[in-house]
There are 2 protein chains.
Amino acid sequence: MRLSKRGEYGLRAMIALAEPAEKSDAPQMMQIKEISLREQISPKFLEQILLTLKNAGLLHSKMGVGGGYYLARSANEITLGQIFRVLDGPVAPIKCVSQMAYEPCGCPDEQTCGLRLAMSDVRNAIADILDNTSLADVTKRQSTVRKKLGIR
Amino acid sequence: MRLSKRGEYGLRAMIALAEPAEKSDAPQMMQIKEISLREQISPKFLEQILLTLKNAGLLHSKMGVGGGYYLARSANEITLGQIFRVLDGPVAPIKCVSQMAYEPCGCPDEQTCGLRLAMSDVRNAIADILDNTSLADVTKRQSTVRKKLGIR
DNA sequence: TAAAAGTATACTAGTACTATAGACTTTATA
DNA sequence: TATAAAGTCTATAGTACTAGTATACTTTTA
């Protein structure tokens, strides 16, 4: 049940972009280099990932000097589920329970397949979290934890 | 978030072995060939999978003529989580939230890493289902569905 | 017009996945 | 006691995927 590096890096980058800049509440524009440095990700690899996210409509970019990437929508309108699916594909552990990419899995009778029933529960549990957690939720939670620990 | 074929086949096989035989309530002994035929799995591949499950202590076997595989414990003492972990490894989507195979994931500060907090929720949701669903639960649910649909 | 920054593809080394093959061991039974 | 049925064990092969590099190109600003 693994999140790929692409997925991990993409999620980290999106969270970084969702963090409000110091003193300001506006989401920031950041450059590949900035993010790659801060999150310790190979800049060339990150480049690909951000491009994918951009082509999927989750990021916008500005080319040229002083350019960079920024969120296409506000942080509370982008969910972890959206990002995950772009980079890592369907959430479902097995195709026959996928909402976004259903395919029969070859069991004799799908309706009564016990594995399918159980995996369907798993899919729903994962999707429930990922689709109901926005980037804003994540950054909010981060700063709550920081405050509680007295950090920064 | 995918279940591998090994995991899928292994789970299917274990469920098949947990289904009580006709008229009897005792869990059955089945041969590789039987299971592979019934579940449409390459017998040689299934062989490996069952061996792994046996070496992990979830199955017992009888060699020689009239031999086969049978569950090492009763169906309500074997959970989907146990089977999953043997065949597909840790449940956690990212190593830094794994209970069974923790490893740092390289974020600057683990305590306040937003991705980690979210993925921890996901891990717990998956583990909660997998570790609290026994083979007996699965077969019970299967037969309930069958009854409701008036099948068999 | 030069440099900064994103865009787009192609490529590659390594690893994991999904099997397949073959030789070996154990057991029942004719 | 020989034979066949059945599990055991290890090696290997083809393919796909992963993670990352490389390179050439376009856009924008100063």
Side-chain angles (χ1 to χ4, degrees), chain A residues 1-13 17 28-37 39-72 84 86-90 93-95 101 105-106, chain B residues 1-13 17 28-37 39-72 84 86-90 93-95 101 105-106:
Chain A
M1 286 306 191
R2 280 291 277 297
L3 177 65
S4 73
K5 283 292 176 190
R6 297 181 79 242
E8 179 188 332
Y9 294 164
L11 284 162
R12 281 194 199 294
L17 284 163
Q28 20 190 358
M29 176 150 84
M30 287 177 83
Q31 296 179 354
I32 294 175
K33 204 185 290 183
E34 252 180 292
I35 304 177
S36 80
L37 226 67
E39 304 287 339
Q40 300 285 59
I41 303 170
S42 148
K44 276 305 211 178
F45 192 26
L46 182 59
E47 195 178 291
Q48 280 180 17
I49 295 168
L50 295 183
L51 230 206
T52 305
L53 255 10
K54 187 208 147 146
N55 290 333
L58 296 179
L59 284 179
H60 284 165
S61 65
K62 187 163 176 287
M63 266 188 159
V65 178
Y69 282 95
Y70 56 98
L71 299 184
F84 181 96
V86 166
L87 297 172
D88 272 20
I94 194 169
K95 287 182 221 150
C105 58
Chain B
M1 288 305 192
R2 280 291 279 293
L3 177 66
S4 73
K5 283 292 176 189
R6 297 180 81 241
E8 179 188 331
Y9 294 163
L11 284 162
R12 280 195 201 295
L17 284 164
Q28 16 190 1
M29 176 151 83
M30 289 177 81
Q31 296 179 353
I32 294 175
K33 203 185 291 183
E34 253 179 291
I35 304 177
S36 80
L37 226 67
E39 304 285 340
Q40 301 283 60
I41 304 171
S42 146
K44 274 305 211 178
F45 192 24
L46 182 60
E47 191 179 295
Q48 279 180 19
I49 296 167
L50 295 183
L51 229 206
T52 305
L53 255 8
K54 187 207 147 145
N55 290 334
L58 297 179
L59 284 180
H60 285 165
S61 64
K62 184 159 179 288
M63 266 188 159
V65 178
Y69 282 96
Y70 55 98
L71 300 183
F84 181 96
V86 167
L87 298 172
D88 272 20
I94 194 169
K95 286 181 222 152
C105 60

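Letters go in sequence order (proteins before strands), and every chain restarts at 1.
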Regarding [N], can its base be found pairing with the side chain of [X] as donor and acceptor, where the two atoms are less than 3.5 Å apart?
X	N	result
A:K44	D:dT23	yes
A:Q48	C:dT7	no
A:E47	C:dA8	yes

Indicate, with a heavy-atom threshold strictly under 4.0 Å, whether B:G64 touches base, sugar-phosphate, or nothing.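 Touches a base.
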Select base, sugar-phosphate, or nothing to describe what A:L50 touches, counting heavy atoms under 4.0 Å on all strands. nothing
Over how many whole Å does the gap from [X] atom [atom1] to [N] atom [atom2] extend?
X	N	atom1	atom2	result
A:R12	D:dA19	CZ	P	13 Å
A:E34	C:dA4	CD	C1'	13 Å
A:L46	D:dT21	CG	C1'	14 Å
A:E8	D:dA19	CD	C1'	12 Å
B:M29	D:dA6	CE	P	10 Å
A:Q31	C:dA3	CD	P	17 Å
A:L3	D:dT18	CG	P	11 Å
A:I41	D:dT18	CD1	P	17 Å

Phosphate oxygens OP1/OP2 of [N]: is one of them under 4.0 Å from a side-chain N or O of [X]?
X	N	value
B:Y9	C:dT18	no
A:Y69	C:dA5	no
B:S61	D:dA6	no
A:S42	D:dT21	yes
A:K54	C:dG6	no
B:K33	D:dA5	no

Between [options], which one does the side chain of [X] approach most closely?
X	options	value
B:M63	D:dT29, D:dA6, C:dT26	C:dT26
A:N55	C:dA8, C:dT18, D:dC9	C:dA8
A:F45	C:dG6, D:dA19, D:dC9	D:dA19
A:L51	D:dT28, D:dG7, C:dA8	C:dA8

Just how far is it from atom [atom1] of [X] to atom [atom2] of [Y], taken to the nearest 0.5 Å?
X	Y	atom1	atom2	answer
A:S42	A:Y9	OG	OH	8.0 Å
B:L17	B:L50	CG	CG	7.0 Å
B:K5	A:I94	NZ	CD1	6.5 Å
B:I49	B:S36	CD1	OG	11.0 Å

If we check side-chain contact (heavy atoms from CB on, under 4.5 Å) with A:Y69, which of these qualifies: A:M30, A:Q28, A:K54, A:M29?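 Among A:M30, A:Q28, A:K54, A:M29, the one meeting side-chain contact (heavy atoms from CB on, under 4.5 Å) with A:Y69 is A:K54.
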Apply the side-chain contact (heavy atoms from CB on, under 4.5 Å) test between A:L87 and each candidate in A:L3, A:T52, A:L11; give the one that qualifies. A:T52
